[in-house]
Each structure stands twice: as C-alpha cells, then as structure tokens.
Engineer: 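After the structure tokens below, expect a handful of questions from me.
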There are 2 protein chains.
Amino acid sequence: MVSIKDVARVAGVSDKTVSRVVNGEPNVTADTIEKVQLAIADLGYIPNLAARSIRSNRTNIIGIITDFISTTPYSGDIVRGVQDWAGANGRTVLLANTDGDPTRETNVWRTFKAHRIDGVLYVAMYHRVVVPAAGEVSIPTVLVNSHPEDGYVYPSIEPDDFGGSYALTEHLIALGHRRIGYIRLNPLLLGANQRLDAFLTAAQAGGIAESDLVIRLGMEGPVGRETNYVYREALDMLSMPDRPTALVCGNDEMALQAYLAALSLGLRVPDDITIVGFDDFRTVSLGLKPELTTVALPYYDLGWQGANMLDQLVHGKGSETERRILKCLVVARQSSARRGDATPRQAIGSF
Amino acid sequence: MVSIKDVARVAGVSDKTVSRVVNGEPNVTADTIEKVQLAIADLGYIPNLAARSIRSNRTNIIGIITDFISTTPYSGDIVRGVQDWAGANGRTVLLANTDGDPTRETNVWRTFKAHRIDGVLYVAMYHRVVVPAAGEVSIPTVLVNSHPEDGYVYPSIEPDDFGGSYALTEHLIALGHRRIGYIRLNPLLLGANQRLDAFLTAAQAGGIAESDLVIRLGMEGPVGRETNYVYREALDMLSMPDRPTALVCGNDEMALQAYLAALSLGLRVPDDITIVGFDDFRTVSLGLKPELTTVALPYYDLGWQGANMLDQLVHGKGSETERRILKCLVVARQSSARRGDATPRQAIGSF
DNA sequence: TTGTAGGCGTTATCAT
DNA sequence: ATGATAACGCCTACAA
C-alpha cells in the first residue's frame, strides 16, 4: 500500500508537507501543492483513515443498529436517509443487525466501540419503546423511530403517529363518512395506540357517536410472528347489514387484505367502501387499484435528521433529552371518496 | 480512552503480554492470563481495531455497495445475509448506497479504499448486468445478484431465474393448465428474459401450443420509474372469451394487481383463475388471500454465500471467474389449483 | 513555508 | 514465558 512517505519521496518533500496538502492546510506554496498532487495522482495514493483516526480520536464513522430489518421492508428508507446524510457529510456508515437478540446486540455495541465510531443510530423498524443493550459500552446515541423506556435517557426522533391518524380521520369525516370501521395494529407497536387514540379523538371531535365506530383487532402476538385476523375481520365487518362506509386500516398491508375482502364480497373501492391505510408502503399503496389513500411516514427524514441530531451530539452541541417528532402527511389517492348518497349496495359473494 | 498500556500497567506486565492475551496467543501462563483479564475487565478495555489494522494490513471490514435500496424492499434480505455472515465470522460491514449514480459510486470506492476494507460485495437490487465504477481503486470484489458486462471480469453469485421459472411452469402444467397467460417483467431486468425463456421452453416441453400462450408486457421504462400496464393487461386478458385458466406474473407485485383485476371481474382465485408470482415477496405473497404460489428467490443466501466467496477471494483461495448460481424453489400455496373440469365462469363486472 | 521529532495504539521481531 | 524495541501511517508540536 502506498503511504504518505512514498508520496513525499516522489514529490521531493517531507511527509508533513504532503499531509498539509492532503488536508488542505494553509502555508504551502502553489508550486509545492502541484508537485505533491502530481505525485499523489501518479502513485494513486489514498490516505489511510485508520491511521488518521488513532491520532485524531475521530473516525467519521457512524454506526447503525437495526432490529428486524427484513420484516418491514419500507423502513429501509431510514437507513437510506442516514446513508445520504453520511455521504453528503463525509461520514461512513457501519451497519449491524441484531434480529432482536440482546446477546447479539451487546456484541454489536462492543464491536462498534472497538472501531471507535463517533456515534450510534439505534433504529427500530417499528415505532416502539426500546432499551438499548449497550452493556458497559458508552457511545453517543440517538434513537430513531423509537423511544426509551421509562428510566432511560436518550434523545430520539419519532414519527407523529397521532397527528397523522388524526388528519386521516378528519379527511374521512370531511368526505361525509359517519360510520367508520377501524382495524387495529398489533398493540405491541407504539404506533398502534397513538393511531387508535387519534382516531377516537378525531371522531369525537367530528361529532361521531362511539356506537358508529366499529373497531376490530387485526393482529396480535410477538412482532414478526403475529397472528393475522385482518382478512377475516374485514370480511365480517363488511358483511354487516349496517356496514361502515369507510374502513381505516392500521397499515397498508392490512389495507391490502381489506381490499381483497371487499372485492371478494362484490364491493367496489371507493364507490361502495372507502378504504385507507397507513405508512405509504408504496409497493402496496401504489400497487393497489385504485391507489390507496394513506399516511406517509417520514422514514427517510427520520434517518437523515436523526443522523444530524447525532452529529450535534457528537460535537457536544446536541441535547441528551430531545424528543423530535416528525409530521406524517395524508396522501389522498383514489381509494377514499365522498360517501354516496344512494343506498349502498349490499355485500354479496361467497363468504 | 483506555489503551493496552493502561491494562499492562494495572496488570503489572508489558503491553506485549496483554496483546498476547487479547489475541489468544500461546506461551502465557494461566496465572498471567488471569491477571491481565482482570485488569481488562476492571478498566473496560476494548482493543482499538484501527490501530491494529495499520500493523496487520487487515481490517476485517467488508463493504457493501448497493444501487437502488429503496425500490425493492425484499432484497434487503441480501444485506441481512451478508450481515449475518459477518457477525458469525468476526467481520464488520460498511454500507454505502449509490442510487445508481456513477459519480457517487466512484466516491464510495475511494472511501472504502481509504478505510482499507478487505473486500467489496457489489449488490444489485434487481438481477441485472453491471459495470462497477471503481475508477482507479482496486479491491477484491464479488458481484451479488448481478453479472459483469461483457469484457469485465468479476466473480458473481446469482439466482437461477431460468430454473425457477421452468419449475413454476411445470407446476402449472402438472395441474392441468393448457391455456396460460404471462405478464412480462421490465425487459431491462436480467430475470425478465430468463424467466420468459424458461416459461416458453417449459410450455413447449409440456406439449402446449404457442397459440395457447397469451403473453403481455407488464412494465417498461427506466428501473424505478417504469410505466405500469399490469392491471390493464390483466383486466384485458381475463376478459377474453377464451381466457387463460392460469396467469403467470413476472413478480409478486404484478400478481397483486392481477388479483385485483380478477376479483373486480368477479373471478375467484384459484377456482376461476390460477395466479402465480415470482420472488416470494412475503408482504405480498402472504398478504394476498388466498396466499400466493410463487418462486422464492434465495436473497438471504445470495448475501451469505456471496460474503463467503469474497472471503475466499480475500484469502487468495477464490476464483476470479466463478459464476455461482443459486436455485429458486417453487412455493406452492393456495392461489394455484388443478384446472376445473366444469366450464369456467365468464368474467363479469364493471370493466 | 517547510521540516524534524515524537507519539497515537497496536503488533512483529528478536532478546532474555 | 516475557519484555524491549521498532514499526505501521498519520498528525501535533515545535523548530528552522
């Protein structure tokens, strides 16, 4: 491997001078700079960041620790946001996945510490409460898409599930819907309760009686291995004589199953039934026909801004207790429509 | 930061002895080992890998370069496979995404070189032909889910799209289907042609006349921003008086749209129409009801085994020209069924 | 403006 | 079995 000394020899200067040129330090003549740069290009010299880091105590590496990367494909956007920030700011990203295993996680923290990375983004693939298993290791950390359990202190950046769900419910009310179904996410997810609370609050604020809300549980059990009731519940709810005119699903994957249930009953979306989701998981939300009205989660920004918060922290400028909440916007597409004035058609089909 | 010298001082030995203990080298008394380990635990010492690497010229870091990480969520499994291999073998993973931009990519190669990583896994999110833009930088590299363009030489590991598609077609023929529809992937994808070729070959081998095959283009245009004809084509094909009894979709996302088209025509899956996909993108394949018969792509293994190939290469044991092909298995679920003997019901509905 | 000496944390080499 | 010394590639501090 060609080192700074090789460059110095070829350029006929000292290694310190090469260092100066490489790092853009002042007090070097244009002439010298050129000589050095020529030698660098000639030899294909690329500085050794490891060597640099043992002097400077800064690696410019940030680590990402993820939990269940495979089960929630769309939140890969968080990682992409982090990467883009890193690329734009001269940092590199170390990645490690724990699969939710605390032993593995503790190893990851050790490994990251061994690499002397500047900071850690602790990324949950579902918005949830976490307790990082860092063991003895201490590295500046920001929680992304997650929140520390009571008694633990970390800065965090999270989506505004409540606000998104509230706005979505308002959207339905504005379209004239008065009888609304709701299929709940796995209650283990932080978003599940926030979204349901917002739904109930917004419905009440919109003057809808609680008896006009039909609420069903869509999933339960350990995250990643849950039992799924969505199709069955949707089928059941949509077969009611006084079925809702709009159906809110905990997320887009649930909305997919609601579509299938509705279609198999001979109901048309949105003419006979308005269906909305949450997440804007585009494979689903754009793959469905008609395209799905949903709430976009700011995954990419969670990553980008989370990286930014971490950077502040590393430089001693960030707050240890900040909890930043990012807006979730309603994306209105064709699956939601004004409630028809005609008598809705009765569900038919093979149920 | 506590260093090897601090440990040596506390343990009352030389730093080299500490190094021996840390690295499990022979010729240290059990007594000394204990003293040292005690001091290590006391001080919370964690070796500095950067410092180690400047002596040993090995970083135990492998880099992953991805292209379009966001658009194809399921292939995140490749990255997971790599990570799991790395975790199991004491390596760490540097991650960088190029978004398909050659300038960004060249920077990534430089950065990786600056970190003196041991090797690179060049991962395409779609199975396709690639030309790594490494510039002047040279690092041992294995192509994953991709293949070098003519004139370039890299070892690669790829899925057997042909074999998977062939087996899938055989599955349909075995179920008695004689008139089969096919919706093609974007022709830009390597898998698109391999899958279509296998379909045609298997159909011919199964004694099916070409006139009984209905082939339509589902997508075209630049990857990630393609124009989508799937829903329209499925609707059209399923409205034919002599419509196919089985429909093969280029991938699972296309199968989703085929489901919607079929259901909206009042057709039931699989009673009236068998639908199959490709990829086993589980959000879709398990989210669809009935669950989707499809072909599982070995993404995770692509990652794991790719990392393994790279490791061989790094140690001078691998082949520069190996092209490893991994099997794709048919996953038979409920969306494919024996062709009914009764006259199929005619499509109805609002088309 | 440029160079020299020394040190960062670690391991290789060679003594002891 | 253990240690002293030098070296890895780079940067800091200081001198010239």
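By convention in this document, chain letters (A, B, ...) are assigned in the order of the sequence lines, proteins followed by strands, and residues within each chain are numbered from 1.
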Engineer: Salt-bridged, A/Asp311 to A/Lys317, with N to O below 4.0 Å?
Structural biologist: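 Salt bridge between A/Asp311 and A/Lys317, a charged N being under 4.0 Å from a carboxylate O: no.
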Engineer: Just one of B/Leu94, B/Leu310, B/Val314, B/Asn89 clears the side chain to side chain contact (heavy atoms under 4.5 Å, CB included) bar with B/Ile62, so which one?
Structural biologist: B/Leu310
Engineer: Can you see which heavy atom on B/Thr59 is nearest to which on B/Ser53, and at what distance?
Structural biologist: CG2-CB, 3.9 Å
Engineer: Can you tell me the distance, in whole Å, between the CG atom of A/Asn48 and the C1' atom of C/dG9?
Structural biologist: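 My rounded result for the distance is 13 Å.
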Engineer: In whole Å, I'd like the distance from the CG atom of A/Leu43 to the C1' atom of D/dG9.
Structural biologist: 15 Å
Engineer: Taking DNA chain D as the partner, which of residues 24-40 of chain A come within under 4.0 angstrom of it by heavy atom?
Structural biologist: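 DNA chain D contact set from residues 24-40 of chain A: none.
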Engineer: Does any donor-acceptor pair link the side chain of A/Arg20 with the base of C/dG3 at a separation under 3.5 Å?
Structural biologist: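 Per atom types, the contact qualifies.
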Engineer: Run the salt bridge (charged side-chain N to carboxylate O under 4.0 Å, His left out) test against B/Arg55 and tell me which residues pass, sequence neighbours left out.
Structural biologist: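 Partners of B/Arg55 by the salt bridge (charged side-chain N to carboxylate O under 4.0 Å, His left out) criterion come out as none, since no residue qualifies.
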Engineer: Enumerate the residue pairs fulfilling salt bridge (charged side-chain N to carboxylate O under 4.0 Å, His left out) with a member in residues 118-147 of chain A, sequence neighbours excluded, ordered by first and then second residue.
Structural biologist: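 Passing the test, one end in residues 118-147 of chain A: A/Arg58-A/Asp118, A/Asp67-A/Arg128.
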Engineer: What heavy-atom pair brings B/Met125 and B/Phe68 nearest, and what distance separates the two atoms?
Structural biologist: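 Of all heavy-atom pairs spanning B/Met125 and B/Phe68, the closest is CG-O, 3.5 Å.
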Engineer: Look at B/Thr17 and D/dT2 and indicate whether a side-chain polar atom (N or O) is within less than 4.0 Å of OP1 or OP2.
Structural biologist: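 No, outside the criterion.
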Engineer: Closer than 4.0 Å, any side-chain N/O of A/Ser56 to the OP1 or OP2 of D/dC11?
Structural biologist: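 So the side-chain polar atoms of A/Ser56 never come under 4.0 Å of the phosphate oxygens OP1 or OP2 of D/dC11.
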Engineer: To the nearest 0.5 Å, what is the distance between CD1 on B/Ile65 and OG1 on B/Thr111?
Structural biologist: 9.5 Å
Engineer: Measure CD1/A/Ile54 against C1'/D/dT12 and give the value in whole Å, please.
Structural biologist: 13 Å
Engineer: Bend angle of the helix from C/dT1-D/dA16 to C/dT16-D/dA1 from five-pair axes at both ends, rounded to 10°?
Structural biologist: 40°
Engineer: Can you see which heavy atom on B/Thr141 is nearest to which on B/Trp109, and at what distance?
Structural biologist: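 That closest heavy-atom pairing would be OG1-CH2, 3.3 Å.
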Engineer: With a 4.0 Å heavy-atom cut-off, tell me which residues in residues 3-15 of chain A come close to DNA chain D, sorted by residue number.
Structural biologist: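 Output list: A/Ser3, A/Ile4.
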Engineer: Could you note down all residue pairs passing salt bridge (charged side-chain N to carboxylate O under 4.0 Å, His left out) where residues 17-33 of chain B supplies at least one of them, sequence neighbours left out?
Structural biologist: B/Lys16-B/Glu25
Engineer: Map B/Pro47 and A/Lys16 onto DNA chain C by nearest heavy atom, then report which one ends up closer to the 5' terminus.
Structural biologist: A/Lys16
Engineer: Determine, for A/Arg324 against A/Glu158, whether the closest basic-nitrogen to carboxylate-oxygen distance falls under 4.0 angstrom.
Structural biologist: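 Looking at A/Arg324 and A/Glu158, the cut-off is not met.
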Engineer: Between A/Gln37 and A/Tyr45, does a side-chain hydrogen bond (donor to acceptor under 3.5 Å, both in side chains) hold up when you go through it step by step?
Structural biologist: CA-CA 10 Å; A/Gln37 280 174 340; A/Tyr45 168 71; over 6 Å; no
Engineer: D/dT12 phosphate, OP1 or OP2: any side-chain N/O from A/Arg55 under 4.0 angstrom?
Structural biologist: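 Result: no.
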Engineer: Verify, without hydrogens or angle tests, whether B/Asp6 (side chain) and B/Val2 (backbone) share a donor-acceptor contact under 3.5 angstrom.
Structural biologist: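 Between the backbone of B/Val2 and the side chain of B/Asp6 there is no qualifying donor-acceptor contact (under 3.5 Å).
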Engineer: What nucleic acid atoms does B/Asn57 come within less than 4.0 Å of, heavy atoms only: base, sugar-phosphate, or nothing?
Structural biologist: nothing
Engineer: How long is the line joining CG of A/Leu49 and C1' of C/dC8, in whole Å?
Structural biologist: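 From A/Leu49 CG to C/dC8 C1': 16 Å.
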Engineer: Which whole-number value in Å describes the distance from A/Arg116 CZ to C/dG9 C1'?
Structural biologist: 9 Å
Engineer: Figure out the CZ/P separation between B/Arg52 and C/dT10, and round it to whole Å.
Structural biologist: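 After rounding, the reported distance stands at 8 Å.
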